[in-house]
Amino acid sequence: MTPIVRSLLETDLYKFTMWQALLHGHPNTHTEYEFVCRNATAFPLAELKGELEEQLDHLCSMSFADDELAYLRTLRFMKSDFVDFLTVFRFQRKFIDVSTDGDTLVVHAAGPQVHVMGFEIFVLYIINELYFRRFDLDAAMREGRHRLGLKVAAVKEFGKLPRRKHPFEFSDFGVRRRFSGAWHDEVVQRLAREVPEYFKGTSNVYLAKKLGIVPIGTMAHEYFYQRWNCSPKTRLRAKNVEVPRGMRTVMRAVETTVHLH
C-alpha cells in the first residue's frame, strides 16, 4: 500500500480553527459524519472499500511530529493548550466504519466531535485519490498541466490591465477535491512561483509549512451548525420550553447565517 496521507497537517486550516473552538467550548459533544458522493462515477465506489480500510488504518497510526506542532504554535490564533492536546492526539479507528450498500460506498464516523470531526477532509481526498489511481495518470497529468498553464497565462494577462480599486487575489482551497497529493503540490508550487502577486496562500497546512506560504482559512458551515445545535435556544425548544424574548433576538442572527450558508 502507498499511503495517501503524508502528515496530519495535510488538511484544511479551518479544521484546526474549528477544532480548537469546539474543544474549548463543547468538548463533550457527540456527533456523526457520513460520506455522500454527489457525482456519477465511472465504476462503483464500493470497489474501493478494501483500499480505503487500509488507508484509514494508516491514518489512525499517525501522530503529529514535533516540528509540525512547533509550526502550529507559530500561528497567532492557535492556543498553547490546543497544541498540547494535539501532542497526544491520534485518530481512533473504532470511531469510523466503512461498509457497502450494493454499489454504494458507506463511510460513517461517530463519536466525540473533537475526535471525529478531523476525519472529514482526509476521507474525502483519500477516496478521490484512490478513485483517480484507476485512470491513465500520464494523460491526466498532461491535460492538467496544459489547463494550469492556460490559467497562469490568463492571470498574467489580467495583470497587464489597469489596476482596479479592489485587487484580484486568490488562494487554494483544493485539498478535499484534489486529483492526488503530488498534483496538489505541483499546482500550489507553480502558482506560488509564477503569480505570487495574486496567489496568496493555501488552506493545506502541510503545504503552507512545506513551501513557506500563508495558511488560509476561517471556519466552515460545520461550525455554525454545531453552535446552533448547542445553543440554549435549541435546547429549550427540544424540551418544549418557551424561549425568552431577548434570546430570540440574539439567536435570530445565527439562524439567518446558517440559512444563508
Side-chain angles (χ1 to χ4, degrees), residues 1-17 35-43 45 48 51-52 55 58-59 68 71 75 105 118 120-221:
M1 181 199 76
T2 302
I4 291 174
V5 180
R6 300 172 289 187
S7 162
L8 292 185
L9 286 185
E10 195 162 24
T11 188
D12 284 324
L13 177 65
Y14 69 29
K15 295 303 289 191
F16 287 104
T17 57
F35 169 71
V36 176
C37 180
R38 296 180 292 188
N39 298 18
T41 58
F43 61 86
L45 291 186
L48 299 177
E51 295 172 271
L52 177 56
Q55 294 290 340
H58 167 67
L59 173 64
E68 295 172 336
Y71 173 77
L75 304 180
L105 180 67
E120 178 198 5
I121 307 301
F122 294 108
V123 168
L124 291 174
Y125 75 71
I126 287 172
I127 292 175
N128 249 19
E129 185 156 344
L130 290 174
Y131 178 80
F132 287 116
R133 280 180 178 180
R134 298 197 176 193
F135 296 91
D136 187 334
L137 174 62
D138 291 338
M141 293 298 281
R142 283 195 302 272
E143 180 63 21
R145 287 170 181 143
H146 171 68
R147 295 187 185 189
L148 179 59
L150 293 176
K151 293 179 186 296
V152 168
V155 171
K156 289 180 176 179
E157 284 299 311
F158 178 81
K160 296 176 182 178
L161 299 175
R163 279 187 68 86
R164 300 182 176 178
K165 180 179 179 181
H166 301 291
F168 170 68
E169 298 176 342
F170 69 98
S171 302
D172 161 59
F173 286 85
V175 60
R176 71 181 63 199
R177 307 172 182 87
R178 70 189 190 186
F179 177 80
S180 69
W183 175 238
H184 197 188
D185 287 10
E186 183 173 332
V187 170
V188 173
Q189 288 185 60
R190 185 169 178 185
L191 293 173
R193 182 178 65 250
E194 297 194 25
V195 286
E197 63 271 44
Y198 305 109
F199 182 65
K200 297 304 177 181
T202 176
S203 66
N204 185 331
V205 184
Y206 169 77
L207 284 184
K209 174 181 179 294
K210 177 181 176 181
L211 302 176
I213 59 180
V214 178
I216 301 288
T218 51
M219 68 186 85
H221 305 76

Identify all side-chain donor-acceptor contacts of residues 149-171 below 3.5 Å with residues at least two apart in sequence or on another chain.
{"unit_1": "Lys156", "atom_1": "NZ", "unit_2": "Glu194", "atom_2": "OE1", "d": "3.4"}
{"unit_1": "Glu157", "atom_1": "OE2", "unit_2": "Lys160", "atom_2": "NZ", "d": "2.8"}

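Evaluation of the ring pair (Phe, Tyr, Trp, His ring centres under 6.0 Å) rule for Phe122 yields Phe91, Tyr125 as partners, not counting sequence neighbours. For Glu129, the salt bridge (charged side-chain N to carboxylate O under 4.0 Å, His left out) partners two or more places apart in sequence, or in a different chain, are Arg133. Asp185 meets the salt bridge (charged side-chain N to carboxylate O under 4.0 Å, His left out) test with Arg6, Lys210; sequence neighbours excluded. Annotation: side-chain hydrogen bond (donor to acceptor under 3.5 Å, both in side chains) contacts of Glu143 (sequence neighbours excluded): Arg147. Contacts of Ser7 classified as side-chain hydrogen bond (donor to acceptor under 3.5 Å, both in side chains), with partners at least two apart in sequence or in another chain: Glu68. Residues satisfying the ring pair (Phe, Tyr, Trp, His ring centres under 6.0 Å) test with Tyr14, not counting sequence neighbours, are none. Residues satisfying the side-chain hydrogen bond (donor to acceptor under 3.5 Å, both in side chains) test with Lys209, not counting sequence neighbours, are Asp67. Legend: residues meeting salt bridge (charged side-chain N to carboxylate O under 4.0 Å, His left out) with Arg145, ordered by chain and number and at least two apart, are Glu186. Checked against side-chain contact (heavy atoms from CB on, under 4.5 Å), Ala208 has the following partners two or more places apart in sequence or in another chain: Tyr71, Thr202, Ile213, Pro215. Residues passing the salt bridge (charged side-chain N to carboxylate O under 4.0 Å, His left out) test with Arg178, sequence neighbours excluded: Glu10. In terms of the side-chain contact (heavy atoms from CB on, under 4.5 Å) criterion, residue partners of Arg134 (sequence neighbours excluded) are, by chain and number, Phe43, Glu47, Leu48, Glu51.
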- Determine, step by step, whether Val187 and Asp172 satisfy the side-chain contact (heavy atoms from CB on, under 4.5 Å) criterion, reporting the C-alpha distance in whole Å, the side-chain angles of both residues, the deciding distance to 0.1 Å, and the verdict. CA-CA 9 Å; Val187 170; Asp172 161 59; 5.8 Å; no
Pair Leu52-Ile126, side-chain contact (heavy atoms from CB on, under 4.5 Å): steps then yes or no: CA-CA 7 Å; Leu52 177 56; Ile126 287 172; 3.6 Å; yes
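In this structure, Met1 CE and His58 NE2 are separated by 5.5 Å, a value rounded to the nearest 0.5 Å. Here the straight-line distance linking atom CG of Leu148 with atom CG of Leu191 works out to 5.5 Å at 0.5 Å rounding. Leu137 CG to Phe132 CZ: the interatomic distance, rounded to the nearest 0.5 Å, is 12.0 Å. Note that the CG atom of Asn128 and the CZ atom of Arg177 stand 9.5 Å from one another [nearest 0.5 Å]. Note that CD1 of Ile216 is 11.5 Å distant from CG of Asp12, once rounded to the nearest 0.5 Å. Atom CG of residue Leu105 and atom OH of residue Tyr131 lie 12.5 Å apart, to the nearest 0.5 angstrom.
You'll find the side chain of Val175 reaches within 4.5 Å of the side chain of Ile121, heavy atoms only.
The nearest pair of heavy atoms linking Ala42 to Phe135 is CB-CZ, 3.7 Å. Across all non-hydrogen atoms, the minimal contact from Thr11 to Leu8 is CG2-O, 3.9 Å.
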